[in-house]
Amino acid sequence: MPPSRYNFRLTFESSMSSFIDNKTAVAALFQEALFTAYPALKNEDLPFIIEVEKPKNPDHGHFAVNSALQLARKLGAKPRDIAVAIVAALPASALLAGPPEIAGPGFINIRLSATAESRVVNTVFAAADDFGKGNDGNAQKVMVEFVSANPTGPLHVGHGRGAATGDTIARLLEAQDWQVSREFYYNDAGAQINNLALSVQARVREKANIDATFPEGGYRGDYIIEIAERYVQQNPQDAKGENLDAMQKFAVAALRHEQDLDLKAFDVQFDVYYLESSLYTDGLVEKTVAHLVKMGHTYEMDGALWLKTTDYGDDKDRVMRKSDGSYTYFVPDVAYHVTKWERGFTRAITELGADHHGSLARMHAGLQAMDMGVPKGYPDYVLHQMITVMRSGAEMKISKRAGSYVTLRDLIDEVGRDATRYFFVMRKSDSQLTFDIDLANSRSEENPVYYVQYAHARICSVLNQWGGEAATLKAVDLSPLASKYESDLLRALADFPETLRTAARELAPHLVCVYLGDLAAKLHSYYNAEKFLVEDEGLKLARLSLIAATRQVLKNGLAVVGVSAPEKM
RNA sequence: GCCCUCGUAGCUCAGUGGAUAGAGCAUCCCCCUCCUAAGGGGAGGGUCACACGUUCGAUUCGUGUCGAGGGCGCCA
């Protein structure tokens with residue numbers, strides 16, 4: 001996690017909010033000390049900064065300040081001497097357990113007082129389901145576009161990864177007070193859909209024993225046969241498969257419906273489904289082309305109309321209108337993104353498979369060429385790498401056109417929604433993922449999601465056996481909490497808001513899973529090391545309060561990745 | 001050839017401009033008369049691909065080399 005930076009202004013603003021986290025408070029304290037020790041720094045216009053970081057090694061305290069190292073050159077003094085001067089100037093504060101230690105080349109290691117450390121529990125209870133949320137977004141609008149599968153077949157595992165990633169990003173942004181709209185864009189016309197219709201037609205004719213030639217590159221999956229059968233059932237008048245248009249509409253509707261069911265089973269919902277065909281019917285494609293021509297960024301060559309995307313950082317210019325008069329897919333894509341901007345989304349995020357990364361530069365270039373004030377990096381792209389699906393020790397090729405591929409539904413049916421979602425977001429989206437079906441099937445209890453869920457269920461179980469009123473745990477004396485396990489857990493709880501904020505800023509859902517795994521590990525260690533339901537009433541209540549707060553944070557974290565928090569397992 | 005992403009333990013992957021680079025799986029050893037053993041504790045396992053540069057300090061930033069995957073069409 002990058003160190004947070006603080007300056008006077010930020011510290012002042014933060015102090016206006018009702019709750020100042022310990023890190024901010026520590027930063028303010030040290031800034032004061034630094035200015036007392038080195039008053040001249042106050043007048044420095046340079047980016048003078050106090051960095052408060054969390055040491056990797058817990059023995060180094062809750063926080064560490066490395067300003068002495070960073071200022072050594074400017075102040076012309078030895079780092080350790082600077083550190084001594086800063087510590088000497090430190091005002092008295094209830095935050096600290098004692099005078100900070102100066103360690104190594106000049107780190108200042110800070111240990112919080114027990115009171116400061118444990119107050120996060122009260123914060124968790126007070127905020128409950130809202131604990132961890134922030135307000136980076138300031139209620140601004142953002143669109144997250146993801147999945148965007150064409151209705152030519154069931155969703156495959158790659159779509160699943162996109163769905164889990166996109167939805168979690170949306171949830172992360174919502175937690176930071178962004179006003180999020182989830183959008184699914186799909187192509188319901190064009191060559192691939194035509195291909196779909198021809199594939200269905202071939203199957204219908206096969207059924208009717210009519211000589212049928214399967215289209216080149218047609219969809220050979222069994223789902224086409226099912227659709228063909230249902231089509232004939234519901235359209236007995238066209239048993240010979242002569243109404244291609246009707247078959248196309250039927251197939252698209254059927255596949256869209258199936259995709260919706262899959263997404264629903266995955267707990268993913270969209271606010272808007274945007275049809276590519278509407279860009280044509282609404283005249284937006286023509287309008288976009290006309291605008292680009294008017295802006296003077298186009299030229300004709302070899303009978304085609306080109307856009308000078310190289311003026312905006314693309315590798316080569318792109319064809320917009322082919323010599324046969326039809327448009328390349330690039331044009332409706334630009335038109336589509338123009339609508340995002342015009343619909344008031346000053347920020348847009350597009351989640352795509354990494355195999356589409358080649359289109360990023362030209363999309364950014366296309367939008368710039370519109371000269372309509374769209375920011376250069378618009379939209380933000382989040383790419384997810386390919387998934388290698390293994391079965392019986394062999395790789396299964398994911399090929400939509402071949403028709404033999406692992407579907408999202410397969411995974412949900414075999415390992416469940418929770419495990420599938422967790423698995424898809426637990427890794428950085430730009431690293432490749434190996435999904436071993438055999439492993440997921442035969443040893444599903446080893447899936448890391450159970451580890452986290454089990455921590456939650458364990459806490460529920462303990463609280464049930466205690467049998468007391470959970471609400472009373474909000475206001476207990478936490479001073480009996482003194483063990484290393486308790487301190488570790490308290491620190492982890494305090495990290496949650498920052499984890500969510502970082503994950504949202506970096507559009508990196510996997511950070512939440514990493515955090516949850518760590519929090520669950522600390523709970524399990526604590527569980528094995530200490531008994532909670534002890535005789536000593538004060539100690540018991542303090543421990544129950546701590547684990548109840550932990551339960552809340554586990555629940556909140558799981559909610560962000562769209563995974564349930566079971567009370568029993 | 002050009003562009004993008006990546007290269008960290010046997011495997012799958014986290015992480016970081018700082019102090020001893022982590023987890024899970026796999027291997028080995030321990031822990032249920034005790035709140036769920038779907039758990040915990042411990043051992044072994046690393047030139048953070050390689051080289052150079054920037055820096056007080058580089059596994060992290062930059063450049064280059066090597067390697068892997070992907071993208072480079074008047075396909076979507």
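These numbers were taken from a predicted model, which means no experiment stands behind them.
Between B:A76 and B:C66, the distance separating the two C1' atoms is 35 Å to the nearest Å. B:U8 sits 14 Å from B:A68 when the P atoms are compared, rounded to a whole Å. For the P atoms, the distance from B:G41 to B:A58 is 34 Å, rounded to whole Å. With both ends at atom P, the span from B:G44 to B:G10 equals 15 Å, rounded to whole Å. Annotation: B:C31 and B:G69 have their C1' atoms spaced 44 Å apart (nearest Å). Rounded to the nearest Å, the gap between the P atom of B:C74 and that of B:G64 is 29 Å. Only the P atoms considered, B:A21 is 28 Å distant from B:C29, to the nearest whole Å. Taking atom C1' in both B:U54 and B:U59, the straight-line distance is 16 Å, to the nearest Å.
Along RNA chain B, the nucleotide closest to A:Glu567 and the one closest to A:Arg362 are compared, and the more 5′ of them pairs with A:Glu567. With the nearest nucleotide of RNA chain B identified for both A:Phe107 and A:Arg318, A:Phe107 has the one nearer the 5' end.
Within the 4.0 angstrom heavy-atom criterion, base atoms lie near A:Ser461. In this structure, A:Ala191 reaches neither bases nor backbone, as no heavy-atom distance under 4.0 Å exists between it and the strands shown. Across all strands, A:Ala64 comes closer than 4.0 Å to base atoms (heavy-atom distances). A:Leu305 comes within 4.0 angstrom of no nucleic acid atom, judged by non-hydrogen atoms across all strands.
If you check B:U27 for Watson-Crick or wobble pairing at under 3.5 angstrom, you find it paired to B:A43. Nucleotide B:G7 forms a Watson-Crick or G-U wobble pair with B:C66, both donor-acceptor distances falling under 3.5 Å. The partner of B:C34, taking Watson-Crick or G-U wobble pairs whose two distances both stay under 3.5 Å, does not exist in any strand shown.
With distances taken from any side-chain atom of A:Val514 to the nucleotides B:A76, B:A38, B:A14, the minimum falls on B:A14. Checked against B:U5, B:A76, B:G15, the side chain of A:Gln192 finds its nearest nucleotide in B:A76.
Across residues 526-535 of chain A, A:Tyr527, A:Asn528, A:Glu530, A:Lys531, A:Phe532, A:Leu533 each have a non-hydrogen atom less than 4.0 Å from an atom of RNA chain B (numbered order). The stretch residues 323-338 of chain A touches RNA chain B through A:Ser323, A:Thr328, A:Tyr329, each having a heavy atom under 4.0 angstrom from the strand.
Put simply, the side chain of A:Asp355 and the base of B:A76 share no donor and acceptor less than 3.5 Å apart. Between the base of B:G71 and the side chain of A:His357 there is no donor-acceptor pair shorter than 3.5 Å.
For A:Lys540, the side chain to side chain donor-acceptor pair (under 3.5 Å) partners at least two apart in sequence or on another chain are A:Glu537. Applying the side chain to side chain donor-acceptor pair (under 3.5 Å) rule to A:Asp380 yields the partners A:Arg347; only residues at least two apart in sequence or on another chain are considered.
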Could you run down the sub-3.5 Å N/O contacts of the protein with nucleotides 6-9 of chain B?
unit_1	atom_1	unit_2	atom_2	d
B:C6	OP1	A:Asp430	OD2	3.3

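Separation of atoms OG (A:Ser278) and OH (A:Tyr273) is listed at 15.0 Å; rounding is to 0.5 Å.
In this model, the phosphate group of B:G73 is approached by a side-chain N or O of A:Lys316 to a distance below 4.0 Å at OP1 or OP2. The side chain of A:Arg458 contributes an N or O atom lying less than 4.0 Å from OP1 or OP2 of B:A37.
The list of ring pair (Phe, Tyr, Trp, His ring centres under 6.0 Å) pairs with a residue in residues 311-332 of chain A, not counting sequence neighbours, reads A:His297-A:Tyr312.
For A:His356 and B:G71, the ring-to-base geometry does not satisfy the stacking test (centroid distance below 5.5 Å, interplanar angle below 30°).
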